[in-house]
Amino acid sequence: MDRVLKAARASGSLNLSNRSLRDVPNEVYQCLDAVGNDEKWWEAVELQKLILAHNDIESLKEDLRNLPQLTVLNVSHNKLSELPAAIGELPSLKSLDVSFNSIQNLPEEIGSATSLVKFDCSSNRLKELPSSIGRCIALSDLKASNNVITSLPDELANCSKLTKLDVEGNKLTMLSEHLITSWTMLTELNASKNILNGIPENIGNLSHLIRLDFHQNRISSIPASITGCSSLVEFYMGNNTLSLLPSEIGVLLRLGTFDLHSNQLKEYPVEACKLRLSVLDLSNNSLIGLPPEMGKMTTLRKLLLTGNPLRTLRSSLVSGPTAALLKYLRSRLSEGEDPEALTTTKKDVISMASRLSITSKELSLEGLGLSAVPSEVWESGEVVKVDLSRNAIQELPVELSSCGSLQTLILSRNKIKDWPGSILISLPNLLCLKLDNNPLIQIPSDGFQAVSSVQVLDLSGNAASLQEHPVFSSIPHLQELYLRRMQLHEVPSDIFSLQQLRILDLSQNSLQSIPVGFQNLTSLTELDLSDNNISALPPELGLLEPSLQALRLDGNPLRSIRRSILERGTKAVLNYLRDRIPEQ
């Protein structure tokens with residue numbers, strides 16, 4: 001023990017886990033007082049990290065206050081029944097893990113640990129969280145799963161920096177709208193295995209939410225406001241009492257996994273066929289048939305339908321490959337489509353769009369087959385969004401240069417060959433630029449300087465557009481970058497300078513290896529590496545847990561990770577990788 005404590009005085013870190021300790025040695029509380037004759041007392045540092053996990057410790061002493069510099073305290077997997085009031089006298093404490101104990105009450109003094117960022121009190125016997133926790137305004141990660149909590153304190157609304165909340169396996173009957181209003185930074189919410197009767201009507205306030213888990217509750221409907229959760233990638237609603245889905249759900253275009261198993265759904269709405277899902281679980285519902293429009297969901301890799309009284313589909317189709325079922329549904333669609341053309345003329349549509357743009361500040365001329373944009377549509381120079389996608393436009397109209405307020409410019413699926421730098425540089429407020437699926441020739445080396453303020457950039461499907469070493473560092477505020485189908489053989493190294501990057505899509509390329517540099521992208525929440533030639537992942541990728549919440553790897557010849565781990569999802573993969581980082 002003396003040797004371990006001596007090392008702790010030098011490093012500021014003490015790990016006493018898995019030592020069958022029944023008590024915390026007194027020397028731990030008096031770490032600096034025990035400086036030996038052979039030590040230089042002026043070089044000793046106060047304890048900052050204390051790990052006591054996986055022991056048989058039954059109590060912590062109030063002497064804990066003697067460790068004021070403590071930033072990390074882990075006493076998980078012990079036999080604690082309470083925490084000392086001194087926990088509130090640790091002003092530097094940022095991470096506290098008391099999970100897997102037998103704690104029935106948390107002391108009110110915990111609210112004085114105002115530096116707390118991460119708090120895990122899961123798997124205890126808590127009936128409530130103290131209201132004082134609302135004073136921990138820096139809190140961003142709260143885990144209180146597997147307790148017997150019946151409600152969350154209103155004061156938790158003060159924790160407006162909360163990004164991850166896990167209250168799975170409690171006895172919650174509701175989540176208050178008051179709390180949802182304050183938690184606008186949430187990216188992950190797990191309230192599964194409770195007795196919730198509904199989803200808060202203002203759930204749409206959570207526009208940053210990536211993962212939402214409400215499975216195994218008593219929820220009978222999904223509010224239409226779910227459309228506000230525009231970042232949602234994974235949505236788990238299995239084992240509830242849903243009888244129908246809101247038609248508005250089709251606008252959640254980032255949603256990749258939608259779990260609806262074991263509900264009471266009688267139909268799948270046509271509007272929901274607009275979703276670009278990879279996994280859709282509709283098993284064990286009351287579905288009699290499927291809409292032919294589901295055949296258009298070509299991104300679906302796994303569609304689960306067992307346990308439904310489907311009468312219009314052969315059992316071999318239901319249990320067979322997803323691709324075959326989708327093909328069959330598409331064939332039904334072509335038979336039933338109305339061949340009559342729309343009576344509204346293209347000129348009428350353009351005129352209506354132009355008038356609407358005056359009040360809405362948005363101009364949409366999507367899918368009109370235009371080779372040029374009529375000059376008369378620019379009635380408002382104050383538009384903030386222009387959608388010219390799915391046309392045959394080769395050059396941008398010069399009138400765009402006068403749209404100084406423009407924030408979003410969508411040019412997807414046109415015939416633009418040259419980088420429109422001269423126009424882009426005149427749009428100082430541009431935040432989102434989508435140029436995907438154009439025949440862009442090489443972007444000039446200084447081309448990105450014209451879009452230095454952009455936060456969302458989509459260049460997918462422009463295989464010839466990138467230089468050998470594209471200068472992405474010219475776009476320092478980039479938060480979302482989409483480079484699908486770019487014939488990339490390696491990850492452009494300049495991407496690793498983008499410290500604000502949250503979403504990176506490198507799918508459908510020819511990548512063979514993943515650089516260690518990914519560990520620098522500490523803001524990354526979503527990474528799509530699907531459909532490449534990647535056979536191994538660097539262990540350092542595991543350092544992105546817990547910030548990275550959606551890692552897509554399907555369609556790669558991965559040999560270094562067992563399929564059973566891959567099937568358990570992002571967290572399991574990242575933890576597996578992190579455990580394989582060589583010790584220094």
Side-chain angles (χ1 to χ4, degrees), residues 1-17 19 21-55 57-101 103 105-121 124 126 129-144 155-156 158-159 161-162:
M1 182 65 72
D2 288 343
R3 180 178 57 81
V4 175
L5 290 171
K6 182 178 178 180
R9 285 191 286 272
S11 67
S13 179
L14 176 59
N15 189 342
L16 294 177
S17 58
R19 288 175 175 253
L21 297 175
R22 298 179 65 85
D23 298 291
V24 180
N26 287 329
E27 297 91 331
V28 172
Y29 299 116
Q30 316 294 337
C31 195
L32 279 188
D33 295 343
V35 176
N37 295 329
D38 59 337
E39 297 177 70
K40 299 174 181 177
W41 60 265
W42 57 89
E43 291 183 355
V45 295
E46 290 207 44
L47 205 57
Q48 298 167 19
K49 185 175 182 180
L50 177 57
I51 310 297
L52 296 165
H54 294 278
N55 283 292
I57 298 169
E58 295 182 357
S59 66
L60 295 176
K61 294 182 178 180
E62 297 292 346
D63 290 347
L64 199 62
R65 63 171 61 92
N66 297 335
L67 306 174
Q69 298 301 312
L70 211 58
T71 61
V72 175
L73 175 59
N74 186 341
V75 288
S76 63
H77 295 273
N78 277 285
K79 296 181 178 179
L80 298 174
S81 57
E82 60 181 3
L83 292 179
I87 202 79
E89 298 180 48
L90 302 176
S92 300
L93 192 65
K94 291 184 177 181
S95 176
L96 174 61
D97 189 345
V98 299
S99 60
F100 293 93
N101 279 282
I103 300 171
N105 295 290
L106 293 172
E108 285 289 335
E109 288 82 359
I110 198 167
S112 299
T114 53
S115 296
L116 207 58
V117 173
K118 185 174 182 179
F119 180 35
D120 188 347
C121 58
N124 278 282
L126 298 173
L129 296 177
S131 58
S132 64
I133 200 166
R135 302 206 304 271
C136 302
I137 58 173
L139 194 64
S140 73
D141 188 343
L142 173 60
K143 294 182 181 179
E155 290 79 3
L156 207 52
N158 297 327
C159 302
K161 295 181 180 179
L162 208 60

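Please read these numbers as outputs of a predicted model, since none were measured by experiment. The first residue in the sequence is number 1, and the count goes up from there.
- A donor-acceptor contact shorter than 3.5 Å links the side chain of Tyr29 to the backbone of Lys61.
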Exercise. Between Asn15 and Asn74, does a side chain to side chain contact (heavy atoms under 4.5 Å, CB included) hold up when you go through it step by step?
Worked result: CA-CA 9 Å; Asn15 189 342; Asn74 186 341; over 6 Å; no

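- Contact check for Ile87 versus Leu73: side-chain heavy atoms found under the 4.5 Å cut-off.
- Residues Leu60 and Pro84 have side chains in contact (heavy-atom distance under 4.5 Å, counting atoms from C-beta outward).
- Using a 4.5 Å heavy-atom cutoff, the side chains of Ser112 and Glu89 are not in contact.
- In terms of heavy-atom proximity, Pro130 sits nearest to Pro107 at CG-O, 4.2 Å.
- Here the side chain of Gln48 pairs no donor or acceptor atom with the backbone of Gly12 at under 3.5 angstrom.
- Inter-residue side-chain proximity for Cys121 and Leu126 is flagged as met; some heavy-atom pair is nearer than 4.5 Å.
- No side-chain heavy atom of Leu52 sits less than 4.5 Å from a side-chain heavy atom of Ser17.
- In this structure, Ser115 and Pro91 approach most closely via the heavy-atom pair OG-O, 2.6 Å.
- Between Arg22 and Glu58 there is a side-chain heavy-atom pair separated by less than 4.5 Å.
- Exactly one residue among Asp97, Leu93, Ile110 makes a side-chain contact (heavy atoms from CB on, under 4.5 Å) with Phe119. That residue is Ile110.
- For Glu46 against Pro68, the heavy-atom pair with the smallest separation is OE1-CD, 3.6 Å.
- When only modelled atom types and interatomic distance are considered, Lys79 and Asn55 share no side-chain donor-acceptor pair under 3.5 Å.
- Taking NZ of Lys49 as the reference point, atom CG of Leu70 lies at 11.0 Å (rounded to 0.5 Å).
- The distance from the CG atom of Leu142 to the SG atom of Cys136 is 9.5 Å, given to the nearest 0.5 Å.
- Side-chain contact annotation: Ser132 with Glu108, donor-acceptor N/O pair under 3.5 Å present.
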Problem set entry | Residue pair Leu83, Ile103: steps toward the side chain to side chain contact (heavy atoms under 4.5 Å, CB included) verdict | CA-CA 8 Å; Leu83 292 179; Ile103 300 171; 4.0 Å; yes

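- In this structure, Leu139 CG and Arg135 CZ are separated by 13.5 Å, a value rounded to the nearest 0.5 Å.
- With values rounded to the nearest 0.5 angstrom, Leu156 atom CG is found 10.5 Å from Ser131 atom OG.
- Side-chain atoms of Asn101 come within 3.5 Å of backbone N or O of Asn78 as a donor-acceptor pair.
- Summarising the geometry of Val24 relative to Ser59, their closest heavy-atom pair is CG2-O, 4.4 Å, with the distance given to 0.1 Å.
- With contacts defined as side-chain heavy-atom distances shorter than 4.5 Å, the pair Leu90/Leu64 qualifies.
- Residue Leu67 holds its CG atom at 8.0 Å from CD of Gln30, rounded to the nearest 0.5 Å.
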For this session: Show your reasoning for whether side chain to side chain contact (heavy atoms under 4.5 Å, CB included) applies to Asp120 and Ser99.
Result: CA-CA 6 Å; Asp120 188 347; Ser99 60; 3.5 Å; yes

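- Separation of atoms CG (Asn158) and CD1 (Ile137) is listed at 8.0 Å; rounding is to 0.5 Å.
- Counting heavy atoms from C-beta outward, Val28 and Leu50 have side chains that approach closer than 4.5 Å.
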